[in-house]
Amino acid sequence: MKITKIIATALVCCIIFSTVPNFVSAAVPVLKEGNHADWIDRIGDMPQYALDFYDWLEENSLKGGALRTAQGETNFSDGTSAHLVAEIQGTTNSFSFPVGSSDSAIQTNAINSCKENRDAIIKDAQAFTFATIGAFDRDHPEVFWLSGNSSLAYSTGYSWAISRSTGYGECTCVVKIYYILKSSTVDIRTSDYSTAAKIDETNDIINDCIDNILSGNFPENGTSFEKIKYLNKWLTKNNCFNTTTGTSAYGINSRECVSALVGSVGTSGPICEGYSRAFKVLCDRIGIPCVLVDGTAFNGTSSGGHMWNYVQMENGKWYAVDVTWNDPTVAGVSSAVSGHENEKYFLVGSSTKISGTEFIVSHPVSNVVYTNGFEYTNGPVLSELSYQEDIAIEENNSASEPTIDGGMLHLANAIDAVLLVKKDSFEAGGFTNPTVKAEFDGVTYELMPNVSVVDGEDCYSFTFKNVPIQRMNDSISAILYAEKDGESCESKSYEFSVASYAYEQLRTTTDSKLKTLLVDLINYGSYAQLYTKYNSQNLVNAALTTEQAAWGTQELRELVNSESKPSSVGDAVWTRIGLIIESKVDIMGYFSIPTAMTGVTVRATDSDGNLISVIRDFEETQGANGMKNMSFVFDKLTAKNMSDVVGFTVYNSQGVNISGQYLFSIESAAQKNQNSTNAELADFLKAMMMYGDSARAYASNG
């Protein structure tokens, strides 16, 4: 689908709006790390308004929706109908003007002060909005009636305050971005489907065709292989590649799923887009993961733009299916069945050779939706071998490589990711000496195994400690290394994140306390993102449904401040104790001792006086008046212990108490800062305590 950028501007408001003749050059969104099936998931640092716009596109493609009616919630005086994508406030900018300037001159200076800020907002909004539209087009081939004339309009409002006596002012702009649905020159719907009634009529025909395809001989209880084979066969035997001369003359249906789903030949037949979109629509209907792939086709003599599909099989790998090339054109034959339908390009891998050419050579991927547009190149990775080759290897040597069987979290403690390998199957494959190398944020960590029982099975467990709170969305890539028959071997890469695990558990657990813990954990991570300003446009709790969000703690109880700083006794003088927020929240203490004193320790005890820890590691800095400053980190508290009061006492090298006891808890710090003027910190601490309370409640289960 080619997206044409058409600019429309016009708004009348009680505040002053201005327009700029053209959008500035579009920014380039970044790709997310890893590989992602849905095109929308491939875009990194997505602002919330872009994600909301994608949701709006999904919801409004349904019957009665704005994409069918071309009627948005915003209507301009010239009859243009639009959807407000975003209302973005810029920064406040200072400006100056000669004392005695006219109102119009002041207005000009005020607006000019916002120009750079306004242009940057428009630049980003344009880039992310069009990237979202492109992703929607590829993720939803069932939306067949869109013309591709995706157009944006924007307006800018300004407000300012001035001091006439000093010639100084401050101005703020607010930019509104609109997605045009229908105007005198633009209609998001193609001319063949310019009314909702025509769209719904055709959609009913398509659904009837799909029902017909998936009945009769369709192997409903068969394997994914059997189902996909059937779909390839149906599409190739009920269609003939479009016989229109010249690509510019192809009808809109030839590029969409409609043509191939109804079964078309001659000048109504599908081209590659029609075959591929129809194939994805069918796979989506039967629950087989499938994506559209854009690129170039090279047949040995010439090349051109092309579209095909990747599908994911039960073994988790992705394979290519090119239905178009499985239904080759034959000179003099225009009927649906040519007798040359085949499965040459059916579930093939990147290295699969067809007519002497590797598939990846004949089908290089670009994944660009519109000319000079954003490249969504972080889609699923194609298996090197064909599906049949992979299955043959698995059947002939099922234990050819070790396998990471899953992952879990230690939720009631610090956020530790645990990777699991089933001990019996590992050893049955003849493997020994397991180790895991985990990569996180570009750093590789070597993890050694422990043996633990998970769901009644002995497992080798590998713990990646202290995943940073704000990085729950980030993936840990792990490879299991082992030895077999005196040779080293390794598993495929295993991707794991706190977020993916938490959401999977939310979908499957019936434990109400675990549900609360998981939602509170997810919210805790989101507020950590906001507080640390890490990937805050992609909050980990954005995927919570309304029902799931309601499982979390709704109101924080009244917090208690148990902090008690002792008066100075002996040689050690307490300065303060507070929190240190890094990968998790720990306690940090500060005290002073005489410069010549060495060998001190700090003993941490619980509320009953039981020893928790003896602290010997300190950071030292030179203080004043013959004293040196000492600081330490106490990291023995887990999430469920955030309300526990800990007593800290300094001892000299002979084990003699040289300070009073300083009482402190994580909750004390949260209570003192819950009304902080730093809203992000206050919200973070509130979410932290909700998580701590639910961790304590969950731990009490057993």
Below 3.5 Å, can you tabulate the donor-acceptor pairs from side chains in residues 623-635 to any protein atom, sequence neighbours excluded?
| residue | atom | partner | partner atom | Å |
| --- | --- | --- | --- | --- |
| K628 | NZ | T595 | O | 3.3 |
| K628 | NZ | M597 | O | 2.8 |
| N629 | OD1 | S592 | OG | 2.9 |

Answer yes or no: is there a donor N or O on one side and an acceptor on the other, between the side chain of [X] and the main chain of [Y], under 3.5 Å?
| X | Y | answer |
| --- | --- | --- |
| N35 | G379 | yes |
| N367 | D294 | yes |
| S668 | S562 | yes |
| K565 | T575 | yes |
| Q548 | T546 | no |
| S147 | I188 | yes |
| R42 | A37 | yes |
| N678 | L681 | yes |

Minimum heavy-atom separation for [X] to [Y], with atom names?
| X | Y | answer |
| --- | --- | --- |
| L663 | V645 | CB-CG1, 4.1 Å |
| S101 | P98 | OG-O, 2.5 Å |
| S643 | S665 | O-CB, 4.1 Å |
| V560 | E667 | N-OE2, 2.7 Å |
| T553 | M690 | O-SD, 3.7 Å |

Drop me the distance from [X]'s [atom1] to [Y]'s [atom2], to the nearest 0.5 angstrom.
| X | Y | atom1 | atom2 | value |
| --- | --- | --- | --- | --- |
| I122 | D119 | CD1 | CG | 5.5 Å |
| M588 | I580 | CE | CD1 | 5.0 Å |
| I666 | L685 | CD1 | CG | 10.5 Å |
| Q470 | L530 | CD | CG | 11.0 Å |

Could [X] and [Y] be called an ion pair, given the rule that one side-chain N must be under 4.0 Å from one carboxylate O?
| X | Y | result |
| --- | --- | --- |
| D103 | R164 | yes |
| K533 | E680 | no |
| D683 | K686 | no |
| D441 | R471 | yes |

TODO: Using the ring of W39 (Phe, Tyr or Trp, six-membered ring only), decide whether R138 places NZ or CZ under 6.0 Å from its centre and within 45 degrees of its axis.
DONE: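 Satisfied, under 6.0 Å and within 45°.
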
Open item on the list: Applying side-chain hydrogen bond (donor to acceptor under 3.5 Å, both in side chains), can you list everything that pairs with W551, at least two apart in sequence or on another chain?
Closed with: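 For W551 there are no side-chain hydrogen bond (donor to acceptor under 3.5 Å, both in side chains) partners, ignoring immediate neighbours.
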
Task: Mutual orientation of the aromatic rings belonging to F664 and Y662 [parallel < 30°, tilted 30-60°, perpendicular > 60°] - done: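 Aromatic pair F664/Y662 classed perpendicular.
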
TODO: Scan side-chain atoms only and decide if N117 and T91 contain a donor-acceptor pair under the 3.5 Å cut-off.
DONE: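 Yes, T91 and N117 have a side-chain donor paired with an acceptor closer than 3.5 Å.
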
TODO: Run through Y178, Y179, W56 and flag the one making a ring pair (Phe, Tyr, Trp, His ring centres under 6.0 Å) with H83.
DONE: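 The residue from Y178, Y179, W56 that satisfies ring pair (Phe, Tyr, Trp, His ring centres under 6.0 Å) with H83 turns out to be W56.
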
Task: E495 CD: over 12 foreign heavy atoms closer than 6.0 Å - done: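 Atom CD in E495 is packed in, count exceeds 12.
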
